[in-house]
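Worth saying up front: this structure is predicted, and the values here are computed from it rather than measured.
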Amino acid sequence: MDEVTFREDGSIQKVEQTKRGVENVDVVNPADLTGNNSKPNPEDFVETTNYSAAEATLFGDAQLEGDGATGLVHSSGDASGDGYFLKFDKTSGWSDYGKGVARCFVDLKAGSDNTVKVICGMGGVNITGMSISLKNQSQPVSRTEISLNGSQISDVLEGFRIVFSVSDPANEIQETGMIYGLMDYVTKENLILERKQKSVYAYSVNLAKPLSRCYETGFDQGKSYALTMKLLKNRDFYTSEIGVRAYAKLKDGSVIYSNPGVFNIYHLADVLHQNQKMSNLQGHDYLYQQILTKVNPNYQYCDYHWNHGIAILDE
């Protein structure tokens, strides 16, 4: 693959073929993609204004009938200046050529002074006009959200547990769960379902069995879930950085992600021990005997205070 650049009039500059190609820019994280590559649902938009192609301003050698099965859309409200990808539907032949509709999201400035420019460069397309619609502002906002809440260690199960929450007011979630990865071998950007890697693992939960309470108070109709993973009982595992990320597959095929989190078992056990977060003395001592002193033999024991609750005895 070699770099292709466009002139101001939309034509492609000459491509100089190389053996190496372009440098890798970065790992694409689907959670960071905006609506630029999404297809809007026409039912969500109102106040449509139609513009005939005959009224369009052409630049350079651009033609209304020309090549462009994919296009780049620029708008005056695009703060990044990167433009928006526009894909035209494939036709079966001349019988249905020119009958399709291509859609994409664009940003507009406030007011009526906006310019939208379409640059086409591959394939063939006839442009007969353009329609611009505004999002229906009267529709209630119903967002599907997901977040990490925290982690725990169970002395009974001898495992660590990650708690996460989802908000699904429109019943869009088809599957949800956790992604794990050892940070010695992956980056935070690798914690996605689409990346097939030996050091990245994904596990789903039973949607019908949330926890008894939601740990994300700001979520609309929120529910919390937990996944417990068995501890590998060795010092290397206790000190390894573990990356975690919650995910949710939606019914439309898309996937949303929480922000990634990174922790190690030793640090988690230290926080739980020092702050006496275990529910009983057995769990408190388990952290000290089975994890903390396995990593640091000189670790100082923290006394467990029995002040979580008392019963008043009759005299």
*With no hydrogens and no angle check, is any side-chain donor or acceptor of Tyr201 less than 3.5 Å from a backbone partner on Met178?*
no

*Are Phe263 and Tyr185 connected in a single hydrophobic cluster, I mean Ile/Leu/Val/Met/Phe/Trp/Tyr linked by side-chain heavy atoms less than 4.5 Å apart?*
yes

*Quick one: does Ile242's side chain get under 4.5 Å of Ile265's, heavy atoms only?*
yes

_If we ignore hydrogens and angles and just use 3.5 Å, is the side chain of Asn275 paired with the main-chain N or O of Lys277 as donor and acceptor?_
no

*Verdict with reasoning, Lys233 to Glu158, per side chain to side chain contact (heavy atoms under 4.5 Å, CB included)*: CA-CA 9 Å; Lys233 299 178 183 180; Glu158 293 193 292; 2.9 Å; yes

*So, does Tyr225 use its side chain to make a donor-acceptor pair with the main chain of Thr176 at under 3.5 Å?*
no

*NZ of Lys209: more than 12 outside heavy atoms within 6.0 angstrom?*
no

_Leu207 vs Glu175 side-chain heavy atoms within contact, under 4.5 Å_ = no

*Any donor-acceptor pair under 3.5 Å linking the side chain of Glu145 with the backbone of Val166?*
no

*Hey, are the side chains of Met183 and Val262 touching, using non-hydrogen atoms and a 4.5 Å cut-off?*
yes

*Determine, using the 4.5 Å side-chain heavy-atom cutoff (strictly less than), whether Leu211 and Val205 are members of one ILVMFWY cluster.*
no

_Heavy-atom pair with the smallest gap, counting every atom of Pro260 and Leu191_ = CB-CD1, 4.3 Å

*Considering only heavy atoms from C-beta outward, does the side chain of Glu241 approach that of Leu182 to under 4.5 Å?*
no

*Classify the side-chain pair Asp107/Tyr84 by whether it contains a donor and acceptor separated by less than 3.5 Å.*
yes

*Do we see a donor-acceptor contact under 3.5 Å between the side chains of Asp168 and Gln221?*
no

*Nearest-0.5 Å distance that lies between atom OG in Ser76 and atom CG in Leu108*: 6.5 Å

*asked:* Measuring only between side-chain heavy atoms, which start at C-beta, is Met229 closer than 4.5 Å to Tyr203?
replied: yes

*asked:* Taking Leu193 as the starting point, is it possible to reach Val200 by hopping between hydrophobic residues whose side chains are less than 4.5 Å apart?
replied: yes

*CA sep, side-chain torsions, deciding dist, call: Leu227, Tyr180, side chain to side chain contact (heavy atoms under 4.5 Å, CB included)*: CA-CA 11 Å; Leu227 271 174; Tyr180 302 83; 3.5 Å; yes

*Does the ring center of Tyr301 lie less than 6.0 Å from the ring center of Tyr288?*
yes

*Quick one: does Asn114's side chain have a donor or acceptor within less than 3.5 Å of a partner on Lys109's backbone?*
yes

*For Asn149 and Ser165, does a side-chain donor sit closer than 3.5 Å to a side-chain acceptor?*
yes

*Going by the angle between their ring planes, with limits at 30° and 60°, are His273 and Tyr299 parallel, tilted or perpendicular?*
perpendicular

*Would you give the length of the straight line joining atom SG of Cys214 to atom CZ of Phe219, rounded to the nearest 0.5 angstrom?*
7.0 Å

*Exercise: do Thr187 and Asn190 side chains pair donor with acceptor under 3.5 Å*: yes

*With Arg245 as the cation and Tyr247 as the aromatic partner, state whether NZ or CZ is under 6.0 Å from the six-membered ring centre and within 45° of the axis.*
no

*Going from CD1 on Ile146 to CG on Asn259, what distance comes out if it is rounded to the nearest 0.5 angstrom?*
11.0 Å

*Chi angles and distances behind the side chain to side chain donor-acceptor pair (under 3.5 Å) call for Ser147, Glu216*: CA-CA 8 Å; Ser147 68; Glu216 192 68 56; 2.7 Å; yes

_hydrophobic_cluster_shared for Val156 and Phe160, side chain cutoff 4.5 Å_ = no

*asked:* Quick check for you: to the nearest 0.5 Å, what is the distance between Gln290 atom CD and Asp155 atom CG?
replied: 10.0 Å

*Using a 4.5 Å cut-off on heavy atoms from C-beta on, say whether the side chain of Leu231 contacts that of Phe237.*
yes

*What is the minimum heavy-atom distance between Ser258 and Leu148, and which atoms define it?*
OG-CG, 3.6 Å

_Thr239 OG1 to Ile291 CD1 distance, which is reported to the nearest 0.5 Å_ = 12.0 Å

*Say whether Val271 and Val295 are linked into one hydrophobic cluster, either directly or through other cluster members, by side-chain heavy-atom distances under 4.5 angstrom.*
no

*With side chain to side chain contact (heavy atoms under 4.5 Å, CB included) as the test, would you mind laying out the steps for Tyr266 and Leu292 before giving the verdict?*
CA-CA 6 Å; Tyr266 176 80; Leu292 296 171; 3.8 Å; yes

*Are the side chains of Phe164 and Tyr215 in touch, meaning some heavy atoms are under 4.5 Å apart?*
no

*Check whether more than 12 heavy atoms from other residues, nucleotides or ligands sit under 6.0 Å from atom CG of Asp113, and answer yes or no.*
no

_Working to the nearest 0.5 angstrom, can you tell me the gap between Lys251 NZ and Glu172 CD?_
8.5 Å

*If you look at every heavy atom in Cys302 and His284, which pair is closest and at what distance?*
O-NE2, 2.6 Å

*Kindly say whether Asn296 contributes a backbone atom to a donor-acceptor pair with the side chain of Thr293 at under 3.5 angstrom?*
no

*Kindly give the heavy-atom pair with the smallest separation between Ser151 and Ile162, and that separation in Å.*
CB-CD1, 3.6 Å

_A side-chain contact here means heavy atoms from C-beta on lying under 4.5 Å apart; do Gln289 and Lys294 qualify?_
no

_With side chain to side chain contact (heavy atoms under 4.5 Å, CB included) as the criterion, how do Val116 and His74 come out once you've worked through the C-alpha distance, each side chain's angles and the decisive distance to 0.1 Å?_
CA-CA 6 Å; Val116 178; His74 287 291; over 6 Å; no

